[in-house]
Amino acid sequence: MKKNIGKTRIGFFSLSCCEGCELAVLELNRDFVNALGFVEILESRILREKNPEQELGIAFVEGSIVGKDDLEKIQKIRQRSKFLVAMGACATIAGIPGIRNSLPEKTKSALPLHAVKKPLAAVHRLSDFVKVDFELQGCAINEKEFLKILVQLHHGFFPRLEEVPVCKECKEKENPCLLLKGIACLGPVTYAGCDALCPGVKAQCIGCRGFTKDANFASLKSMFKEFGLKGNEIKNLFTYFNNNPFEKGGF
Amino acid sequence: MNIFQASNCPAWKFLNDFCVIVLGYFLKKKNLLPYLEFLQEENGLQAIVPVVNSNGATCFEELSKENSENLFLDSKAFFSAKKFFLPNREREFLFEKKAASFEIHETIKHRHKVLFGLRSCDLHALNALDKVFLDFYGYDSLYRNKRNTVLTIGLECLKPEKNCFCESFGTSKPDFFDLFFWEKKDGFFVEIGSPEWEKLYCKKFFEKTRENRNSQKENCSLKLETKNIAELLEKNFENPVWEKESEKCLSCSSCTQICPTCYCFAIEDFFIPGTEDSERYREWDSCQLQQFTRINAGIFRQSRKSRLRQFVMHKLSFFRQQHNVHLCVGCGRCIDACPAKISLVEIASQIQKNPIGAD
Amino acid sequence: MHQFESPLKPELAEIIRVKEETPFLKTFTVRFLDKKKQKQFSFIPGKFVMASVFGFGEMPISISSSPYQKDSLQLTVNAVGNISRQMHLLGKGSVVGLRGPFGRGYPIQKFRKKNIIFFSGGCGMASMRSAVYAVNAKKELFGKLFLFHGCKSPQELLFAEDIAKWEKEQNFNVFVSVDKPTPDWKGNSGFVTDLIDKVDFPVENTFVLMCGPQAMMNIAIEKFRKHGFKPEQIFASLERLMHCGIGKCGHCNIGKEYVCVHGPVFSGSELEKMHLREG
Amino acid sequence: MHSDEHFSLENITKIEGHASLEVQLKSGIVEKCEFRIQENHRFFEDLAIGKSFEEIPLIMSRICGFCCSSHLNTAIEACEKALGFEASEQTLLLRELAINMEFLKSHALHLYLLVLPDFLGKESVLNFDKKEHQYIHDALDFKKTATDTLNVLGARAYHTVNFRVGGFSKFPEQGQLDSCMKGLEKMRSKAFQAIELFSKFVSGQIFERKTNYVGLVGQGYCLLCGSIQCSDGTVIPEENFLSHLEEFVVPYSSAKSAKFDGKEFVVGALARINLNGKELCSDAKKAIKDSNLKFPNFSPFYNNPSQAVEMLQTIDSSIKILNEIKIRQEPLQKISPREKTGTGVTEAPRGVLYHSYSIGSDGLIKKSRIVVPTQQNSKSIESDLRDFIPSLLGLQKEKAGLEIEKLIRAYDPCISCATHFLKVKWRKS
Ligand SMILES: Cc1cc2nc3c(=O)[nH]c(=O)nc-3n(C[C@H](O)[C@H](O)[C@H](O)COP(=O)(O)OP(=O)(O)OC[C@H]3O[C@@H](n4cnc5c(N)ncnc54)[C@H](O)[C@@H]3O)c2cc1C
Ligand code: SF4
Ligand code: SF4
Ligand code: SF4
């Protein structure tokens, strides 16, 4: 007989970010209230006044690691949670704060880094420092995907990132392909899960869900060159969100 | 099975192929939309028509007040009507937890539809899908139930597009339809293809005619020699062309998503939030993705080369060996859709030019 | 309009016994809740069922019990991923879904009066056990029997009791090898494929049945061929990803074959024509 | 709380971002009061350098999750001004609609989820009992109406994607907008209730402190454009904002503070109604009267009912826009770059928001400058606390702490935004 699984204890944490991902969770609306039936939000700086540190089933962490205090914080969170889910582009691919890593050397060295209390040389995603069990991609995350993995983890199913590019969902949505019109789109190298949001409104995918491991950058880049994009334009596009120092799709 | 068997019957084929005068009616162009609306309102069918969608792509949608102005009849739709038989996401079962056990509810949901505007290649594509889902080691009920409640109205193609090569597969001549509309000056010659057609009959709009169905279709400029292609490719499994072409490939899976005959799907279970009940879904999958062959021991088709090869070989060789038809109907959609401009015609003809083991 | 019952619909079955074989392998004895279904259920060794753990998914699992065992069937499951790990958490009385049997099993009928070599590696032993049981039950009909089995460590030896029993039987030559032996391991060590060169077995009138990791089978087939076996004498069971089990979903496609309906057991001559190494 | 006390509130919760407070009391007088913003810098002003103007809005949207649309639209406005581009009327209307919805969403979340628990004496919304659950539903309903509309406008509620420099990559469909209108109309009665609810909480409040209020004033209750007005009578055009602003570094905080013409000032909902209350829609005015709210008002706590009034205001002005608009699909304008600086000033939910970019002839950003509301308010928060804390003497410590947090929360400080824009010179000791 299956045991009664009880409520899953979760916490939300944010490092350096805009906190939009935690808000995006509220997009579940009624489903959010219903979810409170099987999860218990033990920690959330936005929703809770008192946040004593306790053992957690799942820690959802947004934001990237900018300084050593972020690092210490995430290490502590890791220690006391069974699962750690990185949430949003900042936490999974260094995201917008990580543009700092991709700045030209001159600008980078002139940055007033001392404004960060204990600065790190680069902005990092979580998995550079701690074990991350699952990455919820996107800027901001897709709330339906959040619910899906919350439910799966609650039941003991370990979700895994599948190597599916945005183009798959783009085709399902029946959008006209932008690459065919000569517009540079990162869909073929970006993880799906957003329902091809941007191509759906005729805007190119800018890679907020991170690059797939299977990505063929060489082919895409040479395609962009054929479209007439200049070197720095291609670089800007590839480093819109994908700025993690260890993995930047060739930049 | 309700699909009219006679369309496969040799006598019927003979009649159709060699007699110029066929039984049929005439429908005026201006009556087309009223006719489709009639089918929707009077005959209670859900009319699916090719339209330009809000993003500017051509695809099949249910006819409605909003999109009736956007009817697209110039050429084949960019997105095929495959989704009405194999939706990209479809619930198979609901497993309801009942005490220690479960109750299984099967999804049986389908509306009687009429699909208008299928081109000859689309009709042949349906036939290929039928082979897999109606009689290949059993049937698939989700497909079968849908297939049995869909009536098809084909539409003649006058001007093939740049990447069309249906003639190479002999799929330029329509087969397997309930009605087929041949383009005529200010109207259509309506050919009857199955006994089901009566459900589509409308006295108000169908006129008796002396017209014939003579086709004015232009020939495709793109050609592929398909004789023995299956055997040739099988021998050229290690041809360097695969490696060369796959360097361009983005593995975006657009080709398989858009192909009217690609049918591979994945099955997944999901819990319904807050309950012990779960649902089983089926979703399009694609041989272009690594996960397609991932098992505990590893990924069988890890390289881009082997995945691209699987696509082309399945189309032109494997399926042919299984079912005696090609899994390609020459619609050219995969060539249209490929951002890297990879073309299976190009690959096949390169291999034809430079086969390995030619002796 | 007439509705068609879905061939994808699982039948409910109850777990009546769970046996822990090795740290990662458990054997589940299951019985259909529907008595009629249980009665009708018959299979040829090598065939598999699709087992559902509701909410987690469905996976192909070979039947590891004897085809002559009528009141229940056994599934030996390796905990590798989501569904299989969840299955391991289920106990007696839990309800799972089963569909099948599917595929083509070992053509045991053809082997009458012939010698048989059972060759398995790792949890390939699961489907092999069923074949051994089937043959062993009517031993008088067959020639000499050989069993080769390899696993990583003595700890991971599957069906140790069965193997011990077979070892004692007459006319049954059992060879077990472990890759990494422990000090107390008395049997063979090294890859099981190495045994092919060491053991004497007849080639004439002998059939080889094979199940295990593809890398092992590739080597084994090569070696058996070197010893003079013709492709028709070899039968191997392949593993591929399967979602439907009825030749529709496309995952297990290799060339013109679908492993789920044309296999999982293929003869050596079929295997030669298949694209097994795609890279 | 004693008259001599040193205390600090670490990690103030239920606000957007990371902040803390340190207070030193001596003989009943506040000697030290430091409102510390503790977020790490993300250097948005520097990140912009070298990016093309087309990319800027989407990057700036990520400054803050609470007011992403405001940052996005302000950045677009700044870029378009630099490029000398005038957006179509339809585009402007839809942008205004987006800002209105941003207000509704942000105010509703702040009031119901962050402020309300204080007044109901609950630790968190998560501890609300059955009866109070209705408030959560109300909050989510307001938010849903707003984000549904934002979804229609921008494809995603947070960090919308199709607002672009030059217009929209794709305009929403008329049918979808019509259904947004229905949703908004349904929420009107709830908005009246909200005003009543939140004005009840301040009815006994006597604390007030006269200060300067700054906001956009122009045609109607304007949020997108207008001229900057200060309650001392100064009126300046948007572009000149920075020259009147004096920014200075406070050593204990990672964000700068600011003064307007040398005086500290307040921006936000209260400032807007104080300055521009006459332009509120008639129903909002009526609701103010019905719930006995008095404007102009000098109590920081009145920021909360002001936000509630603005919720009704934004619903009504959105309905007006939706009534007017008939969508025509216009292609996205391709703009050729020119060398110039452009400034965009809008009202964000928390107050005046300023973006300015210098674009080079190659279309790349050369210089950028951003001033956010919380940064402007931080000086006032401290001054308010200086005046407020002595009135809490004799209260239990915990209670006093709660009162202090209430006041801070009333400002709806948005810390995420506040920190990212300064080059702080830290004193090396
Ligand atoms: C004909 C046949 C008979 C079989 N008989 C048996 C049997 O008798 N007993 C038995 O134990 N097994 C048998 N199998 C194998 C069994 O079907 C699989 O082990 C089972 O499907 C695993 O399912 P799962 O959900 O537990 O694993 P999955 O979760 O599907 O994982 C399978 C493997 O893929 C890896 N994986 C999956 N997704 C990812 C990803 N995104 N990234 C990285 N890695 C990933 C996992 O780590 C794991 O190793 C048989 C298979 C076939 C085809
Ligand atoms: S528009 Fe982008 S995401 Fe969509 S199919 Fe084309 S390349 Fe892929
Ligand atoms: S299309 Fe690309 S940029 Fe847009 S939401 Fe999806 S992954 Fe992000
Ligand atoms: S393979 Fe390409 S040309 Fe052939 S049917 Fe599919 S999409 Fe059309």
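Not measured: the values here are computed from a predicted model. Proteins come first, then strands; the chains are lettered A, B, ... in the order of their sequence lines, and each starts at number 1.
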If you tally heavy-atom pairs under 4.5 Å between each of Phe237(B), Phe319(B), Phe270(B) and chain C, the highest tally belongs to Phe237(B)
If you tally heavy-atom pairs under 4.5 Å between each of Gly298(B), Ala230(B), Cys264(B), Gly138(B) and chain C, the highest tally belongs to Cys264(B)
query: Will you find, in the side chains of Thr27(C) and Gln74(C), an N or O donor that is under 3.5 Å from an N or O acceptor?
result: no
So, the part of Ile267(B) with a heavy atom under 4.5 Å from chain C: the answer is both
Under 4.5 Å to a heavy atom of chain C? For Phe102(B) that would be both
Tell me yes or no: between the side chains of His112(B) and Thr149(B), is some donor less than 3.5 Å from an acceptor?
-> no
In short, Phe265(B) meets Phe133(B) closest at the heavy-atom pair CE2-CE2, 3.8 Å
Checking Lys244(B) against Glu247(B) for the salt bridge (charged side-chain N to carboxylate O under 4.0 Å, His left out) test, could you report, in this order, the C-alpha distance in whole Å, the side-chain angles of both residues, the deciding distance, and whether it holds? CA-CA 6 Å; Lys244(B) 201 184 101 229; Glu247(B) 268 160 27; over 6 Å; no
Chain B shares the most heavy-atom pairs under 4.5 Å, among Lys256(C), Glu257(C), Glu239(C), with Lys256(C)
Okay, Ala297(B) and chain C: the region with an atom under 4.5 Å from a heavy atom over there is neither
Under 3.5 Å side-chain donor-acceptor pair for Asn253(C) and Gln310(B):
yes
- [ ] Tell me, with the steps shown, if Phe271(B) and Phe56(C) meet ring-ring contact (aromatic ring centres under 6.0 Å, His included).
- [x] CA-CA 8 Å; Phe271(B) 278 102; Phe56(C) 291 82; 5.4 Å; yes
If one checks every heavy atom of Asp285(B) against chain C at 4.5 Å, the contacting part turns out to be side chain
Assert top hit (heavy-atom pairs under 4.5 Å, partner chain B, pool Glu278(C), His262(C), Glu58(C)) equals Glu278(C)
Per-residue tally against chain C (heavy atom, under 4.5 Å) across Arg309(B), Glu279(B), Glu238(B), Arg307(B) peaks at Arg309(B)
Pair count under 4.5 Å, heavy atoms only, with chain C: among Gln302(B), His323(B), Arg282(B), highest is Gln302(B)
Under 4.5 Å to a heavy atom of chain B? For Ser84(C) that would be neither
Applying a strict 4.5 Å limit to non-hydrogen atoms, the region of His314(B) in contact with chain C is side chain
#### Entry: Distance-only polar pair, side chains of Ser306(B) and Ser303(B), donor-acceptor under 3.5 Å
yes
If one checks every heavy atom of Ile246(C) against chain B at 4.5 Å, the contacting part turns out to be both
Among His243(C), His275(C), Met242(C), the residue with the most heavy-atom pairs under 4.5 Å to chain B is His275(C)
Discussion item. Could you check whether Gln257(B) and Arg333(B), counting side-chain N and O atoms only, form a donor-acceptor pair closer than 3.5 Å?
Written reply: no
The interface call for Ile83(C) against chain B, heavy-atom contacts under 4.5 Å, is neither
| message | Under 6.0 Å from the ring centre and within 45 degrees of the ring axis: does the NZ or CZ of Arg280(B) meet both conditions for the six-membered ring of Phe95(B)? | response | no
Under 4.5 Å to a heavy atom of chain C? For Glu268(B) that would be neither
Whatever's closer than 4.5 Å to a heavy atom in chain B on Val96(C) counts as neither
- Would you say the side-chain atoms of His251(C) and Gln291(B) include a donor-acceptor pair closer than 3.5 Å? no
- Query: Do Arg104(C) and Glu270(C) meet the salt-bridge criterion of a basic N to acidic O distance under 4.0 Å?
  - Reply: yes
If you tally heavy-atom pairs under 4.5 Å between each of Gly247(C), Pro10(C), Ala215(C), Pro213(C) and chain B, the highest tally belongs to Pro10(C)
The interface call for Arg294(B) against chain C, heavy-atom contacts under 4.5 Å, is backbone
### Message
Quick check with a 6.0 Å cut-off and a 45 degree axis cone: is Arg301(B) positioned over the face of Phe292(B)'s six-membered ring?
### Response
no
